[in-house]
Amino acid sequence: MTQELPSRYQPADIERDLYQWWMDRGDFGARADGTRAPYVIMMPPPNVTDRLHMGHGLNNTIQDVLIRFERMRGREVLWLPGTDHAGIATQNVVERLLAKEGLTRFDLGREAFVERVWQHVHDTGATILEQLKALGASCDWSRTYFTLDEGLSRAVRETFVRLYEKDLIYRGNYIINWCPRCLTALSNEEAEKKDVAGKIWYLQYPLADGSGHVTVATTRPETMLGDTSVAVHPEDERYGSLVGQLIDLPLTGRQIPIVADSGVDPEFGTGAVKVTPAHDPLDFEIGQRHGLEPIVVLDVHGHVSDDAPEEFRGLDRYEARQRVVDHFGELGLLEKIEPHQHAVGHCYRCGTVVEPRLSEQWFVKMEPLAAPALEAHRDGRLTFLPKRRGDDFDQWLGGIRDWCISRQLWWGHRIPVWYCDDEACDSPIHVSRTAMERCPSCGGSLRQDEDVLDTWFSSWLVPFSSLGWPDKTPDLAKFYPGNVLATAPEILFFWVARMIMAGLEFKGEIPFTTIYLHGTVRDTQHRKMSKSLGNGIDPLEVVDRFGADALRYTVVSGMAVGTDLILDPDDLENSFAVGRNFANKLWNIGRFVLGNIPEAVRPLTGPGPNAIAPEELTLADRWILARCEETVVTATRAYEQFRLNEAATTIYHFIWSDLADWYLEQIKPRLFGDAPGGDVARAVVAQTFDVALRLLHPVTPFISETLWRRFPGRPDDASIGVAPWPQTDRRAIDAEATTAFGMVQELVSAVRAIRAEYNITPGRAVSIWVSRSHPAFEEEAATIQRLAKVETLHFGEHPKEPGGHAVLTDGTGVFVPLGNAVDLERECGRLGSEHERLEKLIAGQKQKLANEKFLTRAPAEVVDTERRKLASWQDQATVLGQKRQLLGCL
RNA sequence: GGGCGAAUAGCUCAGUUGGUUCAGAGCGCCUGCCUUACAAGCAGGAAGUCGGGGGUUCGAAUCCCUCUUCGCCCACCA
């Protein structure tokens, strides 16, 4: 595979075909029967509501980096993709589409509506998978799942039945969060608390005996229509004598008692609470304790129900609120109104203010499930990145409440419960793994529960349901438990925590050990990207314009663990410049390198007759090989520790600064023509670039593969994706070469700086004097001459004439004669400020080294280092002083 | 109301356990270059009292306290 590369980097030309080639090879598929150690990541299944956004781009890039890294390291890698039916979210999307046609789901009826949703998700589901491919995601597509697939549905029913049989699922009448728009119950997590600037109304409730009134404070006056009592704290002296008395509840004609309950906070409001058991969780509990019959005064739409006084019936809750307040005002019972900031639950899918409402629902008893999960965290089996997310996890599990799992929706897993129609049946409720027709106890006809399950009730099973559970499949045996879960922190409770609980409950093991909770993609104002704000970025647009590699490199390098990723949706060019520039650079390096190693290169090591002997290597060769080793060590460790940004930027720096800016420039003369040493340079550049590409492959798969495959002698069927990860060998790091070539770099930079300072045109060669020789300067003299455009390199004392001066860190002086070009004043100023800086450093350092405490308490090696630093600075200062004298500055 | 995090160059952010190469990168900006891989580039440069104050230490961007400003999570004070 050595055909020539196009001269321009056009990602679109390579990515699509390359992805297909990978697919055809089958490297993304995992083998359940293999002997390699498994490495498993479950993709957080994107919702089929819509195509992917940049957050998915980030999430899946991270996963693919980890997956490709481990695949190259020889693991049996399974990255299992899927999509989520996303019950309430998807139903909402389709309902909105219907609304545009002037229809509601009720116009269609359940069956037709569900059919309509299926149509929608077929489209979006397919688009999502295509988008993932465009990003380069190396998933095992043969195992792709959808949470409504028959297999996963079977797992859902299985778990429901098992939990029911263990008494961990129950049905009951409790206060739940109700969305009056979606017309369904929500879990506590689905009711997002948002701070709202509201009001608190102080209402006077007259005592029935006419002896006065009790003032209650409320943020929801409309609920007073359903009040069944007023509660005070039992030890609240202000109200002690009133307990047991009756109140004439205004507007309703009802009388309600004053009760004492320790759930009341005497500090808040007036210390007297109006109790609405049907519309408030605390009130519900108080009602239960005092045997008060709840009155549901708000219906499913949030309108006042028929159990309220006639004049309010049918009113929207906010209209009713105003009407109630008005009435109290007219009756002279409205004591005061205060502004009040408080947290109000909002439906996480439509944003409507949820209404706490008494309703019969199915629940999962969570405490027994949470305990083992808590333990798994506390005994260190779970690792959270960043660590502090583990505290959130711990806190949530510690205070966990039961999970309302029934939803009054049509799109989702139907609850596997059947009710007997025969009222006389003594066992009317049947929970079953399979459809039931007749009542097993009385033979009567059955009807299935109309409701569906919370969408998360299928997602929490994914780590094993996607592998065939409850069957004992080879996949399950090989790939459960998995390793890493990478997702956004928003779904830590919805999904991650529940997966851990389900894994422990149904499989006896945590489903993964590392939980990588990455940041959020935000715009330049740090706002979360969203459709409604119009600040989203379509990953496909980025891929089209700059390539998947540019997208991937940008997001990986730009985000450390625990931080967000800021991108400007109005300036994609700038946002993705880092990745785009780097991809382009790689391409050009590739063109240069591959164009200069047209044939197989000599082996760098080994006993073969053609192998390169160590003494054939130049200093530059040894240096770049050492830098390459260092990069392998650092990057590998960074990948292992999930510091992907560090891995990416380390490799970037090696390729761009070390390899391209220095090494490639250094070897050019050897490469051109039949210059001596060309074979060695080719071998070294081939080796180091090959390693660099492999290190980089997890981040930029397309371009690394494209270039890597074209290396001379590469078999046509070789793929970098399954090439071995570079070995790390610290012993191969040649510290001496690193230091020595570093001096050469320093010298070249010093001369360049002087040239730039005095505007010496790039074409004009100069002579330079270096105060003392050094083996590195001798060996790389030609390099110095070429890279700094030096005609003659002199060693020793320089002529006494105007020129530019510099001092290297080891005290070596550098002189560039400039004839009349030199501006003496300017040069003196430059050297003067440099000298000043050094003197300050020296003074501080002397003080430090004179400090008895430092000498005795600091480790010997630190003291030693500091001494050497001082010596070096003093050397530099001396040389600088001489130069200044020569120039007549002093 | 509780818990937690962040503040480093104009912008976006690195900085692993306090001490070599600790004050860095990319973008932006300034200067000069179309040097036959790359102008999406090359070379050089300006720019930060590491949010304020106090403390611990021989030594602090790094540890402790405090203040300010942002942000996140949790919460049945009606």
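A note on names: the letters A, B, ... follow the listed sequences, proteins ahead of strands, and every chain is numbered from 1.
- Closest to the D392(A) side chain, of the nucleotides C73(B), G26(B), A40(B), is C73(B).
- Residue contacts for T219(A): at a heavy-atom cut-off of 4.0 Å it reaches the sugar-phosphate backbone alone, with no base atom in range.
- A638(A) comes within contact range of no nucleotide atom at all, as no heavy-atom separation falls under 4.0 Å.
- Nucleotide U35(B): unpaired (no Watson-Crick or G-U wobble partner with both distances less than 3.5 Å).
- Across all strands, R401(A) comes closer than 4.0 Å only to sugar-phosphate atoms, never to a base (heavy-atom distances).
- Taking CG of D265(A) as the reference point, atom CG of L282(A) lies at 10.0 Å (rounded to 0.5 Å).
- Look at the C1' atom in both U8(B) and U69(B): the space between them is 16 Å, to the nearest Å.
- Aromatic rings of F494(A) and Y348(A) (six-membered ring for Trp) have centroids within the 6.0 Å cut-off, being under it.
- If you take OH of Y553(A) and P of A25(B), they are 14 Å apart, rounded to a whole angstrom.
- In this structure, NE2 of H518(A) is placed 16 Å from P of C72(B), rounded to the nearest angstrom.
- When the C1' atom is used for both A75(B) and G1(B), the distance is 8 Å, rounded to whole Å.
- Aromatic ring centroids of H233(A) and Y239(A) lie 6.0 Å or more apart.
- In this structure, K668(A) is not positioned above the aromatic face of Y663(A) in the sense of NZ or CZ being under 6.0 Å from the six-membered ring centre and within 45° of the axis.
- Among the heavy atoms of the strands lying under 4.0 Å from R752(A) are primed sugar atoms or P, OP1, OP2 only; no base atom is included.
- C64(B) and U16(B) are spaced 14 Å apart, taking the P atom of each and rounding to whole Å.
- Of the P atoms belonging to G26(B) and C63(B), the separation is 26 Å, rounded to the nearest Å.
- L594(A) has its CG atom 14 Å from the C1' atom of C38(B), to the nearest Å.
- Contact annotation for I566(A): backbone-only contact, meaning every heavy-atom pair under 4.0 Å involves sugar-phosphate atoms and none involves a base.
- At a threshold of 4.0 angstrom between heavy atoms, the contacts of F493(A) are confined to the sugar-phosphate backbone, with no base atom among them.
- Side-chain proximity of P762(A) to the nucleotides A37(B), C33(B), C77(B) is greatest for C33(B).
- For the P atoms, the distance linking U62(B) with G2(B) amounts to 27 Å, nearest Å.
- Annotation: cation-pi pair R752(A)/W662(A) present, NZ/CZ under 6.0 Å from the ring centroid and within 45° of its normal.
- Distance from the side chain of A753(A) is smallest to G45(B) among A78(B), G45(B), G26(B).
- The ring of Y516(A) has its center no closer than 6.0 angstrom to the ring center of F384(A).
- Using a 4.0 Å heavy-atom distance criterion, H653(A) is classed as making no nucleic acid contact.
- Mapping S749(A) and N588(A) onto RNA chain B by nearest heavy atom places N588(A) closer to the 5' end of the strand.
- Across all strands shown, N574(A) has heavy atoms under 4.0 Å from sugar-phosphate atoms exclusively, and none from any base.
- Base engagement by A858(A) is indicated by at least one non-hydrogen atom pair under 4.0 Å involving a base atom.
- For A37(B), the OP1/OP2 oxygens have a side-chain nitrogen or oxygen of K668(A) closer than 4.0 Å.
- Summarising the base pairing, C13(B) is matched to G24(B) through a Watson-Crick or G-U wobble pair whose two defining distances lie under 3.5 Å.
- Taking the six-membered ring where tryptophan is involved, the planes of Y174(A) and F363(A) are perpendicular, since the angle between them exceeds 60° and thus also 30°.
- In this structure, H279(A) reaches neither bases nor backbone, as no heavy-atom distance under 4.0 Å exists between it and the strands shown.
- K274(A) and T223(A) share a side-chain donor-acceptor pair at under 3.5 Å.
- Side chain of R388(A), nearest nucleotide from U12(B), C76(B), G5(B): G5(B).
- Of the candidates G41(B), C76(B), G44(B), G41(B) carries the atom nearest the N581(A) side chain, counting heavy atoms from C-beta on.
- If you take CZ of R580(A) and P of C38(B), they are 17 Å apart, rounded to a whole angstrom.
- Remark: P of A37(B) and CG of L707(A) are 16 Å apart, rounded to the nearest angstrom.
- For the pair K789(A) NZ and C33(B) P, the interatomic distance rounds to 15 Å; values are reported in whole Å.
- The side chain of R389(A) sits closest to C72(B) out of C38(B), A75(B), C72(B).
- The nucleotide G5(B) finds its pairing partner in C70(B), both defining distances of the Watson-Crick or G-U wobble pair being shorter than 3.5 Å.
- Distances shorter than 4.0 Å separate some side-chain N or O of T563(A) from OP1 or OP2 on A14(B).
- Look at CD1 on I651(A): it is 16 Å from C1' on G26(B), rounded to the nearest Å.
- Counting any heavy atom pair closer than 4.0 Å across all strands shown, V578(A) reaches sugar-phosphate atoms only and no base atom.
- Closest to the N584(A) side chain, of the nucleotides A40(B), A37(B), A78(B), is A40(B).
- V216(A) comes within 4.0 angstrom of no nucleic acid atom, judged by non-hydrogen atoms across all strands.
- R643(A) comes within 4.0 angstrom of a base, heavy atoms only.
- Heavy atoms of K387(A) sit nowhere under 4.0 angstrom from any nucleic acid atom.
- Rounded to whole Å, the separation between the C1' atoms of C76(B) and C72(B) comes to 22 Å.
- Residue F546(A) holds its CZ atom at 11.5 Å from OH of Y9(A), rounded to the nearest 0.5 Å.
- Under the Watson-Crick and G-U wobble criteria, each requiring two contacts below 3.5 Å, nucleotide A75(B) is left unpaired.
- Both A577(A) and L282(A) lie close to RNA chain B; mapped to their nearest nucleotides by heavy-atom distance, the more 5′-ward contact belongs to A577(A).
- When the C1' atom is used for both A7(B) and G51(B), the distance is 6 Å, rounded to whole Å.
- Among the nucleotides G26(B), G44(B), A37(B), the one closest to the side chain of A660(A) is A37(B).
- Distance from the side chain of F268(A) is smallest for A78(B) among the nucleotides C38(B), A78(B), C27(B).
- Between the C1' atoms of U20(B) and G3(B), the separation comes to 39 Å (whole Å).
- Atom-to-atom distance recorded for E267(A):CD and D236(A):CG is 9.0 Å, nearest 0.5 angstrom.
- One can find a donor-acceptor pair under 3.5 Å joining the base of A37(B) and the side-chain atoms of E665(A).
- The distance from atom CH2 of W656(A) to atom C1' of A25(B) is 12 Å, rounded to the nearest whole Å.
- The partner of C50(B) is absent, by the rule that a Watson-Crick or G-U pair needs both atom distances under 3.5 Å.
- Looking at the side chain of H342(A), the nearest of the listed nucleotides C38(B), A78(B), A14(B) is A78(B).
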